[in-house]
There are 2 protein chains.
Amino acid sequence: MRQETRDRARIADVAREAGVSKTAVSFAFNNPERLSPDTATRIRDVATSLGYRPHPVARMLTQGRTRTLGILTPQALSVVFANPFFSTFSEGVAAVAEEAGYGLFFVSPVHGSLARAVNRATVDGFVAIGLSEDHPEVEQIRRAGLPIVMVDSAAAFPEHPAVDVDDEGGARLAAGHLLALGHREFLVIGVEPPTPGAHADFGGIVGRRLKGYREELAAAGIDLADDHVVVGPASVEGGSACLAGAWEDGRRPTAVLAMSDAMAIGAINAARRLGLRVPADISVVGFDDIELSRHIEPPLTTVHQPVRRKGEEACRLLLSAIARDDSPRPDHRTLETRLIVRGSSGPAPIGKEVAGGR
Amino acid sequence: MRQETRDRARIADVAREAGVSKTAVSFAFNNPERLSPDTATRIRDVATSLGYRPHPVARMLTQGRTRTLGILTPQALSVVFANPFFSTFSEGVAAVAEEAGYGLFFVSPVHGSLARAVNRATVDGFVAIGLSEDHPEVEQIRRAGLPIVMVDSAAAFPEHPAVDVDDEGGARLAAGHLLALGHREFLVIGVEPPTPGAHADFGGIVGRRLKGYREELAAAGIDLADDHVVVGPASVEGGSACLAGAWEDGRRPTAVLAMSDAMAIGAINAARRLGLRVPADISVVGFDDIELSRHIEPPLTTVHQPVRRKGEEACRLLLSAIARDDSPRPDHRTLETRLIVRGSSGPAPIGKEVAGGR
DNA sequence: CCGGTTTAGCAAACCGGTTTAGTAAAGGTA
DNA sequence: TACCTTTACTAAACCGGTTTGCTAAACCGG
């Protein structure tokens with residue numbers, strides 16, 4: 001049998017040893033005022049000497065709550081933890097959760113099934129990040145009566161509380177910045193969903209950012225053709241491949257709009273390998289503002305989003321949903337993005353612009 | 001009452017609706033071969049239509065296991081998640097845990113008490129990182145009959161399985177490298193424990209690395225005086241402050257041995273502000289080899305340790321301890337470190353060396 | 001000294017499942 | 001037809017706590 005069972009002191013053991021009922025032992029811990037002070041003390045002493053601690057699972061069962069929050073992600077933990085973005089988000093969630101005395105459980109697919117993971121999860125509610133509309137688990141959670149806060153996919157689940165950032169506005173800022181620098185030839189580098197089949201789209205981020213780019217460019221009279229939008233894995237290598245591939249296909253952008261900083265950095269590397277100077281020959285603007293972006297050469301111009309605050313807000317919404325228990329109109333919050341101009345963007349190269357003609 | 005209770009289907013509901021006993025419903029899910037095929041199907045259909053899922057907590061209670069692993073840290077999650085080191089470690093643990101179908105729960109102090117957090121934790125075992133000898137929670141866990149794997153503090157808890165890296169050897173490599181470059185004037189920058197009182201020492205890392213530095217230097221006839229060892233918070237700012245402070249106190253090292261990359265980077269920044277060139281005037285060698293170190297200018301020479309593998313190994317040890325249930329002699333594993341020479345270390349400056357005289 | 005209130009503690013029900021031991025009916029054999 | 005298996009299912013015990021309702025003793029004022 002399990003070792004745990006073998007040598008762990010149970011409440012009945014303490015009761016017997018102290019010559020009282022189980023009730024008294026329970027009271028000694030949770031309701032001492034219902035016992036005479038010396039009895040309470042005696043019971044607690046016996047408990048300590050036996051090394052008794054209430055079994056947390058049994059406690060959860062009777063109290064009907066776990067004091068645990070779940071962070072739900074459709075990707076394997078071993079991949080999300082490699083993403084500094086995710087860590088920072090978790091940091092935000094953790095800060096608020098710990099303050100409220102809640103623990104954190106990470107819920108990721110069990111042998112490929114997110115649904116099974118959700119069923120196993122002993123939590124009072126979920127914060128879901130990167131879930132796109134086609135995830136039936138959300139409905140499953142709703143039916144289980146557990147609250148869930150959506151992050152980065154408000155639009156797909158209007159009936160749940162949600163936290164988003166203004167992706168579209170941020171994309172507009174990025175595009176506007178490059179337009180103001182005189183650029184007319186753009187390449188957009190997008191992130192492709194990790195699961196090939198489903199056009200998961202990370203809850204719509206890609207669509208919203210693309211929309212922002214498109215509209216801002218359109219306002220300046222530039223129509224972003226489909227072959228000026230390429231996608232790849234959200235990594236440095238993915239970004240390199242995107243730019244290199246587009247170049248090979250004959251694209252000659254003077255400005256690159258990347259939907260992630262990692263890809264932007266990859267694009268810079270690729271540009272350099274093509275003999276281009278950044279930003280003299282080609283400008284690159286990222287998205288997210290990860291730590292690394294500040295440190296590369298040249299420092300990356302990018303759109304900052306408040307990742308940690310996203311986590312904090314999501315956690316707050318979840319806690320209040322748990323506390324209220326009933327759900328009034330779900331609270332949707334949108335956090336602002338802002339452009340951070342550093343060294344990877346500069347004026348459009350005059351010569352080329354002329355040479356490229358228009 | 002809790003919403004969960006209000007509208008969640010229980011096993012009894014399914015039983016009633018299907019006209020069978022609770023036992024039958026349980027069998028339909030866990031032991032279908034003990035039921036006639038059509039009864040099993042019917043029960044499952046009813047269950048689905050009612051949106052029934054077995055209550056995970058109840059299940060844990062009867063099965064006596066949680067299928068969850070705990071990662072134990074004496075610091076708040078909101079701080080550890082800011083540490084890329086921790087993320088990478090978690091990545092390793094997660095990879096192995098997910099493979100085995102285990103979930104991950106993060107156990108950090110609840111309102112300052114790690115003991116309470118441990119009591120609340122519904123896990124089958126712990127991986128503890130950064131725990132020093134004076135942590136009574138380890139004994140508490142042992143008495144609860146749960147296995148625990150120590151990371152980076154094997155020496156303090158010989159009775160538990162453990163994973164370490166060869167900190168001492170790595171420190172030797174770093175010091176040896178600088179000695180070979182002709183350096184004679186050293187400054188060691190160490191990390192100070194986050195909790196001021198306890199000289200926690202992160203489970204002995206600081207001591208082991210310092211020992212390595214000391215011995216290697218001693219072998220070259222250099223005695224590392226106490227005022228050539230300074231400590232600060234394990235951050236970029238902490239590193240800056242350390243070097244700046246030491247400089248102010250009259251130290252004039254040509255070589256800095258930092259116990260963390262973040263601090264090494266801080267030291268480089270501080271050196272620059274003092275008008276020193278790296279590595280022409282002063283060499284800096286870090287420890288850990290974080291992602292960022294590769295990207296700064298100049299790229300950091302540092303001691304690499306296999307952080308992700310540390311997580312993987314720790315998780316494997318834990319899983320096998322859980323499976324065996326009894327504990328034979330605890331398995332202690334030491335992973336190798338290696339020196340990565342990049343741009344922040346160079347020959348000792350001749351002029352100064354002469355001027356400094358010895 | 002009596003009736004009413006407070007105090008201290010207990011037995012039993014409960015949380016929501018799993019598992020053991022057992023039974024009634026169907027099927028098979030002599 | 002009587003007897004033994006097998007099949008299909010159930011009642012009750014159990015996991016380890018918490019909580020409700022109750023009782024007996026102590027206390028208290030008149």
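Below, chains carry the letters A, B, ... as their sequence lines are ordered, and counting in each starts from 1.
For A/L72, the side chain to side chain contact (heavy atoms under 4.5 Å, CB included) criterion is met by A/V107, A/L114, A/V118, A/F126, A/A128, A/L131, A/I141, A/I148, not counting sequence neighbours. Applying the side-chain hydrogen bond (donor to acceptor under 3.5 Å, both in side chains) rule to A/E159 yields no partners; only residues at least two apart in sequence or on another chain are considered. Scanning for side-chain hydrogen bond (donor to acceptor under 3.5 Å, both in side chains) contacts around B/S108 gives A/E98, with sequence neighbours left out. The side-chain hydrogen bond (donor to acceptor under 3.5 Å, both in side chains) test applied to A/T73 returns no partner, not counting sequence neighbours. With sequence neighbours left out, B/S36 forms a side chain to side chain contact (heavy atoms under 4.5 Å, CB included) with B/D38, B/T39. Annotation: ring pair (Phe, Tyr, Trp, His ring centres under 6.0 Å) contacts of A/Y52 (sequence neighbours excluded): A/F29.
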Acceptor/donor pairs from residues 86-97 of chain A side chains to any protein atom, 3.5 angstrom cut, sequence neighbours excluded:
from  : atom 1 : to     : atom 2 : distance (Å)
A/S87 : OG     : B/S87  : OG     : 3.0
A/T88 : OG1    : A/P84  : O      : 2.9
A/S90 : OG     : A/F86  : O      : 2.9
A/E91 : OE2    : A/R308 : NH1    : 2.6

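Pairs passing the salt bridge (charged side-chain N to carboxylate O under 4.0 Å, His left out) check and including a residue from residues 13-37 of chain B, sequence neighbours excluded, read B/R10-B/D13, B/D13-B/R16. Listed by first and then second residue, the side chain to side chain donor-acceptor pair (under 3.5 Å) pairs that reach into residues 109-120 of chain B are B/N119-B/Q140, sequence neighbours excluded.
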(message) Before you tell me yes or no, could you show the steps for A/F105 and B/F106 under ring pair (Phe, Tyr, Trp, His ring centres under 6.0 Å), namely the whole-Å CA-CA distance, both residues' side-chain angles and the distance that decides it to 0.1 Å?
(response) CA-CA 6 Å; A/F105 183 80; B/F106 286 81; 9.5 Å; no
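Rounded to whole Å, the distance from CZ on B/R10 to P on C/dT18 is 15 Å.
If A/P54 and B/A24 are placed on DNA chain D by their nearest nucleotide, the residue sitting closer to the 5' end is B/A24.
In DNA chain D, runs of at least 3 consecutive Watson-Crick or G-U pairs, each pair with both distances below 3.5 Å, span C:1-30 with D:1-30.
Applying the 4.0 Å criterion to OP1 and OP2 of D/dT18, one finds that A/R59 has a side-chain N or O inside that range. Of the side-chain N and O atoms in A/T62, none sit less than 4.0 angstrom from OP1 or OP2 of D/dG17. Not one side-chain nitrogen or oxygen of A/Y52 sits closer than 4.0 Å to the OP1 or OP2 atom of D/dG16.
Shown for residues 27-51 of chain A: residues whose heavy atoms fall under 4.0 angstrom of DNA chain D, namely A/F27, A/N30, A/R34. For residues 13-23 of chain A, proximity to DNA chain D is found at A/K22, A/T23, defined as any non-hydrogen atom under 4.0 angstrom from a strand atom.
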